[in-house]
Peer 1: 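Below you'll find the structure I mean.
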Amino acid sequence: MNKLRTALATVAAAALGLAALATAPAQAAAQPAFLAASQMPSSTPWTATQVFTGVPENGGVLCAPYKIPAQNTRYREFSTELDTNGVQVTTVARTEADAVKLVDTLRGALAGCGPLLERQNPGLQAVSASHGKLAVEEGAWVYSLDTADPEIGISDIHLFSVGRDGRTVTLVRWGQMGDLEDAPLTAFRTTTKTAVNKLH
């Protein structure tokens with residue numbers, strides 16, 4: 001299960017890997033801003049790493065056919081004293097059309113993640129769900145991934161969102177042990193809006 005959690009923790013980063021972004025030029029303008037630790041949803045205080053260049057370590061392929069290229073990509077990881085963690089990954093596409101394609105690819109990957117995990121992990125129960133579009137900049141979409149391993153008796157819930165402002169795409173993940181009913185879905189929507197508004 002630990003291996004699965006590690007994979008789930010990087011599904012967002014893995015899903016972002018598109019060949020169209022591999023040769024994207026560096027932004028001349030200021031870099032997109034990231035969420036602060038206090039802007040992640042939780043009753044327990046979060047801590048945040050610095051913003052790193054590239055993609056999260058061990059960002060293996062899961063629910064998407066490519067890995068994210070390091071070029072024009074940055075990320076920040078979040079954690080609490082509890083079994084709760086998160087990450088924000090932001091990529092600047094070469095053109096706005098490429099950014100639109102990236103968002104579409106991410107949405108498809110997140111929506112179909114549950115069935116894919118069940119095929120890859122016999123015995124695992126995984127359900128993906130869409131929680132609608134948010135009215136912020138060019139739009140943001142929220143998804144959940146609820147997994148349970150009956151043999152081990154452990155369940156995990158992850159919330160994902162992907163949003164866009166012009167050529168910049170950001171993906172936020174929040175995860176902890178538990179079920180969807182335990183997840184702060186309303187607060188995560190607020191976090192998503194903040195993340196997209198902070199991009200530029």
Side-chain angles (χ1 to χ4, degrees), residues 1-17 32-64 67-68 70 73-91 106 109-110 113-114 116-117 120-121 124-129 131 140-149 152-163 169-196 198-199:
M1 194 63 184
N2 288 337
K3 182 177 180 181
L4 174 61
R5 287 186 186 174
T6 299
L8 288 173
T10 56
V11 59
L16 280 166
F34 277 72
L35 290 166
S38 61
Q39 293 168 322
M40 289 291 282
S42 177
S43 58
T44 301
W46 287 83
T47 59
T49 66
Q50 67 185 70
V51 175
F52 296 102
T53 300
V55 295
E57 188 177 359
N58 300 321
V61 174
L62 183 67
C63 301
K67 294 182 180 180
I68 180 173
T73 301
R74 299 159 75 227
Y75 70 96
R76 166 173 278 173
E77 296 176 319
F78 304 87
S79 61
T80 73
E81 294 180 352
L82 304 177
D83 191 10
T84 311
N85 57 79
V87 68
Q88 180 183 7
V89 182
T90 298
T91 296
L106 287 170
L110 295 174
C113 192
L116 177 60
L117 288 179
Q120 294 176 337
N121 302 271
L124 181 73
Q125 298 173 358
V127 178
S128 294
H131 299 280
W141 292 261
V142 177
Y143 298 86
S144 63
L145 175 64
D146 203 339
T147 62
D149 191 326
I152 300 177
I154 295 178
S155 62
D156 293 299
I157 178 66
H158 293 265
L159 300 178
F160 300 93
S161 62
V162 56
V169 176
T170 193
L171 192 148
V172 181
R173 182 191 61 78
W174 174 98
Q176 71 172 24
M177 293 182 64
D179 302 307
L180 181 58
E181 62 185 19
D182 304 314
L185 186 57
T186 298
F188 186 73
R189 289 190 176 102
T190 299
T191 294
T192 296
K193 288 183 177 181
T194 301
V196 176
K198 291 184 73 171
L199 291 176

Peer 1: Where is the tightest heavy-atom contact between Ala36 and Arg76, given as atom of each residue plus distance?
Peer 2: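 Minimum heavy-atom contact is CA-NH1, 4.2 Å.
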
Peer 1: Applying ring pair (Phe, Tyr, Trp, His ring centres under 6.0 Å), name anything that partners Tyr75, two or more places apart in sequence or on another chain.
Peer 2: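 Expected list: Phe52.
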
Peer 1: Side chain to side chain contact (heavy atoms under 4.5 Å, CB included) for Gln176 and Leu82? Distances and angles first, verdict last.
Peer 2: CA-CA 8 Å; Gln176 71 172 24; Leu82 304 177; over 6 Å; no

Peer 1: Under the criterion side-chain contact (heavy atoms from CB on, under 4.5 Å), which of Asp146, Ile157, Asp156 is the partner of Asp179?
Peer 2: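 So, applying the side-chain contact (heavy atoms from CB on, under 4.5 Å) to Asp179 and each of Asp146, Ile157, Asp156, only Asp146 qualifies.
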
Peer 1: Judged by atom type as modelled, is there a donor-acceptor pair below 3.5 Å linking the side chain of Trp141 to the main-chain atoms of Gly163?
Peer 2: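 Checking the backbone N and O of Gly163 against the side chain of Trp141, no donor-acceptor pair under 3.5 Å is found.
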
Peer 1: Working to the nearest 0.5 angstrom, can you tell me the gap between Leu35 CG and Leu199 CG?
Peer 2: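 So the CG of Leu35 and the CG of Leu199 are separated by 9.0 Å.
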
Peer 1: Between Ser128 and Leu145 (side chain of the first, backbone of the second, donor and acceptor by atom type, cut-off under 3.5 Å), is there such a pair?
Peer 2: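 Answer holds: no.
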
Peer 1: For Gln39 and Thr194, work out which heavy atoms get closest and say how close.
Peer 2: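 That would be NE2-CG2, 3.4 Å.
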
Peer 1: Which atom pair, heavy atoms only, marks the closest approach of Val196 to Ala140?
Peer 2: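 In this case the closest contact between Val196 and Ala140 is CG2-CB, 4.2 Å.
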
Peer 1: Pairing donors with acceptors under 3.5 angstrom, does anything connect the side chains of His158 and Ser144?
Peer 2: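 Absent: no donor and acceptor within the cut-off.
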
Peer 1: Going by heavy atoms in the side chains, are Thr170 and Val162 under 4.5 Å from each other?
Peer 2: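 No, every pair of side-chain atoms sits at 4.5 Å or beyond.
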
Peer 1: Between Asp83 and Met177, is there a donor-acceptor pair closer than 3.5 Å when you use the side chain of the first and the backbone of the second?
Peer 2: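 Side chain of Asp83 to backbone of Met177, a donor-acceptor pair under 3.5 Å: no, none is there.
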
Peer 1: If you compare all heavy atoms of Gln88 against all heavy atoms of Ala195, which two are closest, and at what distance to 0.1 Å?
Peer 2: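 Smallest heavy-atom distance, with atoms named: NE2-CB, 3.8 Å.
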
Peer 1: With no hydrogens and no angle check, is any side-chain donor or acceptor of Asn121 less than 3.5 Å from a backbone partner on Leu117?
Peer 2: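 Checked: pair present.
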
Peer 1: Just checking, any donor-acceptor pair under 3.5 angstrom between side chains of Thr84 and Ser42?
Peer 2: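 Not at all, the side chains of Thr84 and Ser42 share no donor-acceptor pair under 3.5 Å.
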
Peer 1: Test Leu159 against Arg173 for side chain to side chain contact (heavy atoms under 4.5 Å, CB included), laying out the working first.
Peer 2: CA-CA 6 Å; Leu159 300 178; Arg173 182 191 61 78; over 6 Å; no

Peer 1: Indicate yes or no for a side-chain donor-acceptor contact from Arg74 to the backbone of Thr90 under 3.5 Å, with no hydrogens or angles considered.
Peer 2: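 A pair under 3.5 Å: no.
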
Peer 1: Once you round to the nearest 0.5 Å, how far does CG of Asn85 lie from CH2 of Trp174?
Peer 2: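 CH2 of Trp174 is found 9.0 Å from CG of Asn85.
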
Peer 1: Say whether Ser161 and Thr192, considering side chains only, have a donor N or O and an acceptor N or O under 3.5 Å apart.
Peer 2: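 Yes, side-chain donor-acceptor contact under 3.5 Å.
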
Peer 1: Whether the side chain of Lys198 engages the backbone of Ala33 through a donor-acceptor N/O pair (distance < 3.5 Å, no angle test) should be reported.
Peer 2: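 No, the answer is negative, given that no donor and acceptor are paired below the 3.5 Å cut-off.
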
Peer 1: Yes or no on side chain to side chain contact (heavy atoms under 4.5 Å, CB included) for Val142 and Phe188, after CA distance, side-chain angles and deciding distance?
Peer 2: CA-CA 9 Å; Val142 177; Phe188 186 73; 4.0 Å; yes

Peer 1: Does any part of the side chain of Asp149, heavy atoms only, come nearer than 4.5 Å to the side chain of Thr147, both counted from C-beta?
Peer 2: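 Of all side-chain heavy-atom pairs linking Asp149 with Thr147, none is under 4.5 Å.
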
Peer 1: Determine the minimum heavy-atom distance between Val87 and Glu77, stating which atoms define it.
Peer 2: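 The answer is CG2-CG, 3.9 Å.
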
